[in-house]
Number of protein chains: 2
Amino acid sequence: MADVKHFDPDTALDLAMRVFWRQGAAATGIQDIVDATGLNRSSLYATFGGKQQLYRAALDRYARDRSRTLLGPLEEDGRGLPAVHAFFERLVETRCTGEFARWGCMVSNAHAGGENGDPEVRAVLDRQHRRLRSALHAALVSAQRQRQLADGADPETAAEILALLAHGVNLRSRAGADAAALRATAAAAVDAVARPV
Amino acid sequence: MADVKHFDPDTALDLAMRVFWRQGAAATGIQDIVDATGLNRSSLYATFGGKQQLYRAALDRYARDRSRTLLGPLEEDGRGLPAVHAFFERLVETRCTGEFARWGCMVSNAHAGGENGDPEVRAVLDRQHRRLRSALHAALVSAQRQRQLADGADPETAAEILALLAHGVNLRSRAGADAAALRATAAAAVDAVARPV
DNA sequence: AGTATCTTGGAACAACCGTTCCAGGATAGC
DNA sequence: GCTATCCTGGAACGGTTGTTCCAAGATACT
């Protein structure tokens, strides 16, 4: 009965996540994880099971973190259109600072990379996309109820457009994009879909 | 004076491109290229120089092909807004058929993957994005000149929004997306940005 | 203190990575 | 038919991949 680890699995997962985030799953070796966490191979395998399972755990952790800080407020904000605007401002703000500016969004990266070959990874990706889409949809329906949308506007279509746009914003290579310009673009897009033909 | 290759470098590059497209650069081994092309390692290295240079050549070839069939018509179509609509219909159409449906767009994949660490790769990506953006911009300016846009519409912003949207459409993991729904979404987006506040 | 149980460090594994090398085959000019 | 030149096949390179194994260390209970 000496099942006390010499490290904190939670911090280790956090460090591992950062490596996968920066390099992608394919380009990351176990050695990189060992170097980053300071853990031993044995401990890694005993705790997380292997590279692929560790990547899954890291991606899941990232997705939940990101959902909490980005989607949570949108889901709880009942103001309608202003809530959507606030969401995109948060998105662009975080997108252009710190690790996001350098590495893009780990979920969006996984969407485009070979990582999505794994069904379990794909499940996380789908979950995240559905949650984004439905949060936007709910906010837009709320906006419609508060008469903030032009007559004939379709919350369904608008949510889909904005969800795709959010993915475009998240692309890694557009890291150098001007934050102010991106903010203006996103705001204009929200206004555009709110006042359709 | 026996500098006659026993194979066609062009077909070989095409086959290699398909492998890189499907698997990404990091997940593709030289062996995969050997299997796909039927060539020998020696011939590969003598002709293309190495893995990274081969990937660059493949990406460049893909980008040019795709530009020709997708962006070319947009650049030559002077109808304005209908040209933009036609572009997105072409985009969604190809996006939902054949290899594109299975593997996404090689350029968009590279945007999100570790591939864009290479400056030369990034150059190809930037070139492609600029061309997309400026083709959309030109078409929207033309639309404005033909009074197809609402007063106060900004072709600059609209082009940026639509370029981001195009990237979102191209994401690999959204492969199973319903073509008709995607078409409708894209069309609605074009109409939305054409008739702003 | 003794023992059982888990964790840790580090070596070792086979398989594969991108790349290089060289002998032998194929071709073109003489 | 000979020779010079390039191309091809395949072995081989050192390094790295993800994973496994085991002895040694650390802890908690009796």
Side-chain angles (χ1 to χ4, degrees), chain A residues 1-60 110 113-121, chain B residues 1-60 110 113-121:
Chain A
M1 284 102 178
D3 56 344
V4 179
K5 292 190 193 304
H6 297 185
F7 62 96
D8 178 20
D10 213 55
T11 5
L13 180 56
D14 199 71
L15 289 166
M17 182 198 80
R18 234 165 272 268
V19 181
F20 279 128
W21 181 5
R22 181 177 47 212
Q23 306 184 341
T28 300
I30 289 288
Q31 190 57 46
D32 297 328
I33 308 287
V34 170
D35 293 344
T37 59
L39 294 198
N40 198 276
R41 291 176 135 79
S42 310
S43 308
L44 272 173
Y45 276 84
T47 313
F48 300 106
K51 180 185 172 180
Q52 192 60 24
Q53 297 169 59
L54 179 54
Y55 175 78
R56 288 183 196 141
L59 180 67
D60 191 68
E115 288 90 345
N116 76 358
D118 183 346
E120 299 203 29
V121 168
Chain B
M1 286 91 182
D3 57 345
V4 179
K5 291 189 194 303
H6 295 184
F7 63 94
D8 177 21
D10 213 53
T11 359
L13 181 56
D14 199 69
L15 289 166
M17 181 198 80
R18 236 166 271 267
V19 181
F20 278 127
W21 182 4
R22 181 177 49 211
Q23 306 185 342
T28 299
I30 289 288
Q31 189 58 46
D32 296 328
I33 308 286
V34 170
D35 293 343
T37 58
L39 295 197
N40 197 277
R41 291 175 135 79
S42 309
S43 308
L44 273 173
Y45 276 85
T47 312
F48 300 106
K51 181 186 171 178
Q52 194 59 26
Q53 298 169 58
L54 179 54
Y55 175 77
R56 288 183 196 141
L59 181 67
D60 191 69
E115 288 89 344
N116 76 359
D118 182 346
E120 299 203 28
V121 167

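So you know, we letter chains A, B, ... as the sequences are listed, proteins then strands, and number each from 1.
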Between atom CD in A/Q23 and atom P in D/dT17, what is the gap in whole Å?
-> 10 Å
Starting from P on D/dG18, measure out to CZ on A/F48 and report it in whole angstrom.
-> 16 Å
Say you draw a straight line from OG1 of B/T47 to CG of B/L13; how long is it, rounded to the nearest 0.5 Å?
-> 10.5 Å
Separation between CZ (B/F20) and CD1 (B/I33), nearest 0.5 Å, reads 4.0 Å
Measure the distance from CG on A/N40 to C1' on D/dT19 and round it to the nearest whole Å.
-> 13 Å
Whole angstrom is fine here: how far is it from CG in A/L44 over to C1' in C/dT7?
-> 13 Å
Nearest-angstrom distance from the residue atom CD1 of A/I33 to C1' of D/dT19 | 15 Å
What residues, two or more places apart in sequence or in another chain, satisfy side-chain contact (heavy atoms from CB on, under 4.5 Å) together with A/D118?
-> A/Q52, A/R56, A/E120, A/V121
Which residues satisfy the side-chain contact (heavy atoms from CB on, under 4.5 Å) test with A/S43, sequence neighbours excluded?
-> A/F7, A/N40
Side chain of B/D35, backbone of B/D32: donor and acceptor closer than 3.5 Å?
-> no
B/F7 CZ to D/dT8 C1': how many Å, rounded?
-> 10 Å
Sugar-phosphate atoms are those with a prime plus P, OP1 and OP2; base atoms are the rest. Using that split, label each nucleotide of nucleotides 11-20 of chain C B, S or - for protein heavy atoms under 4.0 Å, 5' to 3'.
-> ------SSBB
Separation of B/D10 CG from B/L15 CG (nearest 0.5 Å) | 10.5 Å
